[in-house]
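Encoded as structure tokens, the structure appears first; notes follow it.
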Amino acid sequence: MATARFCPQCGTKTIPKAHFCTHCGEALGGKDGGQKARKSATPPAADAQRWPLPGIIVLSCYLAVGIGLWVFVLRTEPFAPTPTGSTQASTGGSALPQNHPEVALPEEVKSRIAELVAQANAAPQDPNAWRTLAGVQFRASQLDASYRSAALASYRKLFELVPSDLDALRGLGNVYYDLEEHHTAIEYYQRYLALKPDDASVTTDLGTMYLYTGQVDQAIASYQSVLAKQPDFFQAHFNLGVAYQEKGLPEQAVASLQQAKSLTDNTDIQTRIDQLLEQFSNGAAPSRTASTTNSSTSPFQQAVEALFRSHEMMAPKIVRIDWLSQTRARVFFRNFPMAGMPQTVRDGFREKLRDQLVDARQKAGVSGLATVELIDIDTQQVMETLTTTS
């Protein structure tokens with residue numbers, strides 16, 4: 001069913017293909033009356049105060065169609081189709097289709113954010129004003145990265161006003177997560193959990209930060225602590241499978257992924273899990289060809305493999321990684337939607353990967369040229385070539 005042009009409840013003109021009215025939140029049609037979309041993208045109750053207006057809440061659902069799809073592995077914030085109701089990537093989402101239109105932050109949302117900035121600046125000692133502003137800026141940053149520094153500044157201001165504020169601590173952890181400043185994210189997640197130790201979403205995100213920093217045992221312990229209290233927590237099962245594989249425990253990895261699969265009826269996610277199970281089956285580690293020039297894996301190669309195999313977007317799509325030399329790799333993907341990324345997203349994605357490769361090369365003491373090609377295994381097309389040189 002096509003979306004109504006005007007809301008039947010309040011008469012507001014609707015956004016094309018939106019499931020809900022941006023003013024009153026009324027469902028705009030569709031087979032399920034919009035309820036399925038609402039269930040999979042609505043912000044969790046713990047975060048509800050971050051979106052003070054129904055229109056912004058509904059807009060976050062609409063935007064989730066465009067941006068929440070990019071994240072699948074390891075993240076529970078900020079747009080989630082379930083993890084605890086947390087947000088970003090729990091049991092939902094799917095890769096953007098090849099010709100998906102670019103998703104932009106609507107002007108009315110930008111205007112609303114500007115109003116909230118003015119309100120916060122007019123009441124510099126009001127934590128509620130900064131809490132609201134920071135939450136809105138953070139959600140906007142998931143679509144427009146230019147809001148990330150603003151969200152960070154607002155959360156810092158809230159933290160200065162109320163050092164024990166849970167939204168400030170969690171928000172700072174989330175922003176540093178997005179900035180890939182993993183150790184700093186860990187610090188704020190730990191502070192948050194000292195005050196609210198039973199938060200499954202933040203404990204899972206903390207485990208992910210441990211995994212990103214190579215603290216695999218701590219990551220496993222974090223996920224297990226969540227599952228001890230919430231045995232049906234999808235994201236913890238999924239992430240635990242990834243962590244077990246990283247630890248070299250393929251049987252446990254398969255068991256965790258199979259449990260995760262049983263907890264979702266999302267066919268896209270089930271397919272992704274099947275792809276990982278195929279890689280992990282029979283206790284086999286992800287394949288590497290014999291073309292590597294050295295029988296032992298160098299620190300640089302280990303760092304590069306860890307980067308790709310723990311990456312929230314890429315890991316589920318990796319088929320194998322081939323090393324043509326100590327500093328030249330080919331990463332093969334299946335159904336990775338590189339061509340479907342908006343150009344600004346693709347540019348940022350490429351630059352972030354290149355920066356991470358530079359960091360890996362410098363830490364490993366590798367000099368000269370290093371190259372990583374991202375290849376679609378079905379078409380053999382080189383989607384991107386990442387090069388760094390000392």
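Computation of the quantities below employed the complete heavy-atom set of this structure, encompassing side-chain atoms and omitting hydrogens, waters and symmetry-equivalent molecules.
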Parallel, tilted or perpendicular: ring planes of Tyr189 versus Tyr177, cut at 30 and 60 degrees: perpendicular

ring-ring contact (aromatic ring centres under 6.0 Å, His included) with Tyr244: which residues, sequence neighbours excluded? none

Side chains of Gln137 and Ser154: do they bring a donor and an acceptor to under 3.5 Å? yes

Keeping to residues at least two apart or across chains, list the salt bridge (charged side-chain N to carboxylate O under 4.0 Å, His left out) pairs with something in residues 145-154. none

Give the cluster check for Val358 versus Val372: same hydrophobic cluster or not, with ILVMFWY residues linked at side-chain heavy-atom distances below 4.5 Å. no

Please examine the side chains of Leu307 and Leu357, heavy atoms only from C-beta on, and report whether any two atoms are closer than 4.5 Å. yes

Salt-bridge criterion met for Lys247 and Asp217 (N-O under 4.0 Å): yes

Who passes ring-ring contact (aromatic ring centres under 6.0 Å, His included) against Phe333, sequence neighbours left out? Phe336

Between the NE2 atom in His237 and the CD atom in Gln230, the distance rounded to the nearest 0.5 Å is 10.0 Å

Got Leu172 and Tyr192 here, is their nearest side-chain heavy-atom distance under 4.5 Å? no

Salt-bridge criterion met for Arg330 and Asp322 (N-O under 4.0 Å): no

Quick one about Glu305 and Trp323 (side-chain donor to acceptor, distance below 3.5 Å, no hydrogens or angles considered), yes or no? yes

Report yes if some heavy atom in the side chain of Asn174 is under 4.5 Å from a heavy atom in the side chain of Phe138; otherwise report no. yes

Verify whether one side chain among Gln343 and Asp347 offers a donor that lies under 3.5 Å from an acceptor in the other. yes

With sequence neighbours left out, the residues meeting side chain to side chain donor-acceptor pair (under 3.5 Å) with Thr267 are none

Measuring from atom CZ of Phe332 to atom CD1 of Ile377, what distance do you get when rounded to the nearest 0.5 angstrom? 6.5 Å

The reported gap from CG in Leu227 to OG in Ser256 (rounded to nearest 0.5 angstrom) is 7.5 Å

Do Thr213 and His183 make a side-chain contact, defined as non-hydrogen atoms from C-beta onward lying under 4.5 Å apart? yes

Could I get the full list of salt bridge (Lys or Arg N to Asp or Glu O under 4.0 Å) partners for Asp232, not counting sequence neighbours? none

Taking side chain to side chain donor-acceptor pair (under 3.5 Å) as the definition, give me every residue that meets it alongside Arg328, ordered by chain and number, with sequence neighbours left out. none

Find out whether Ser222 and Thr204 are in side-chain contact, i.e. whether some heavy atom of one side chain is under 4.5 Å from a heavy atom of the other. no

Nearest 0.5 angstrom please: Leu179 CG to Leu152 CG, how far? 6.5 Å

Is the side chain of Tyr155 donor-acceptor paired with the backbone N or O of Gly173 at a distance under 3.5 Å, no angle test? no

Looking at side-chain heavy atoms only, is the closest gap between Val331 and Val304 below 4.5 Å? no

Path from Leu161 to Val117 over hydrophobic side-chain contacts below 4.5 Å: yes

Quick one: list whatever passes ring-ring contact (aromatic ring centres under 6.0 Å, His included) with Phe308, sequence neighbours left out. none

Examine the side chains of Thr264 and Asn266 and answer whether a donor and an acceptor come within less than 3.5 Å of each other. no

At what distance, to the nearest 0.5 angstrom, does OG of Ser367 lie from CZ of Arg361? 8.5 Å

Tell me if a side-chain donor or acceptor on Ser141 pairs with a main-chain N or O of Asp144 at a distance below 3.5 Å. no

Phe159 six-ring face occupied by Arg156 cation (under 6.0 Å, within 45°): no

Heavy-atom pair with the smallest gap, counting every atom of Arg131 and Asp167: CD-OD2, 2.9 Å

Are Tyr188 and Leu195 co-members of a hydrophobic cluster defined by side-chain heavy atoms under 4.5 Å apart? yes

A side-chain contact here means heavy atoms from C-beta on lying under 4.5 Å apart; do Val345 and Met341 qualify? yes

Would you compute the distance between atom CZ of Arg350 and atom CG of Asp355 and round it to the nearest 0.5 angstrom? 11.5 Å

Less than 4.5 Å apart, any side-chain heavy atom of Leu206 and any of Ile186? yes

Check this for me, if you would: do Asp376 and Arg334 make a salt bridge, where the nitrogen-to-carboxylate-oxygen distance has to be below 4.0 angstrom? no

Return yes if some donor-acceptor pair links the side-chain N/O of Thr327 with the main-chain N/O of Leu369 below 3.5 Å, else return no. yes

All heavy atoms of Met209 vs all of Ala185, minimum pair found to be SD-CB, 3.7 Å

Name all residues meeting the side chain to side chain donor-acceptor pair (under 3.5 Å) criterion together with Thr203; count only those two or more places apart in sequence or in a different chain, and write none if there are none. none

Listed by chain and number, what are the side chain to side chain donor-acceptor pair (under 3.5 Å) partners of Gln302, not counting sequence neighbours? none

According to salt bridge (Lys or Arg N to Asp or Glu O under 4.0 Å), who are the partners of Lys157, at least two apart in sequence or on a separate chain? none

Heavy atoms of Pro124 and Trp130 approach each other most closely as O-NE1, 3.2 Å

Can you check whether Ser298's main-chain N or O pairs, donor with acceptor, with Gln301's side chain at less than 3.5 Å? yes

Does Asp359 have any salt bridge (Lys or Arg N to Asp or Glu O under 4.0 Å) partners at least two apart in sequence or in another chain, and if so, which? Lys363

Hey, mind stepping through Asp274 and Lys261 against salt bridge (Lys or Arg N to Asp or Glu O under 4.0 Å) and telling me if it holds? CA-CA 8 Å; Asp274 285 339; Lys261 182 180 177 180; 2.6 Å; yes

All ring-ring contact (aromatic ring centres under 6.0 Å, His included) counterparts of Tyr210, not counting sequence neighbours: none

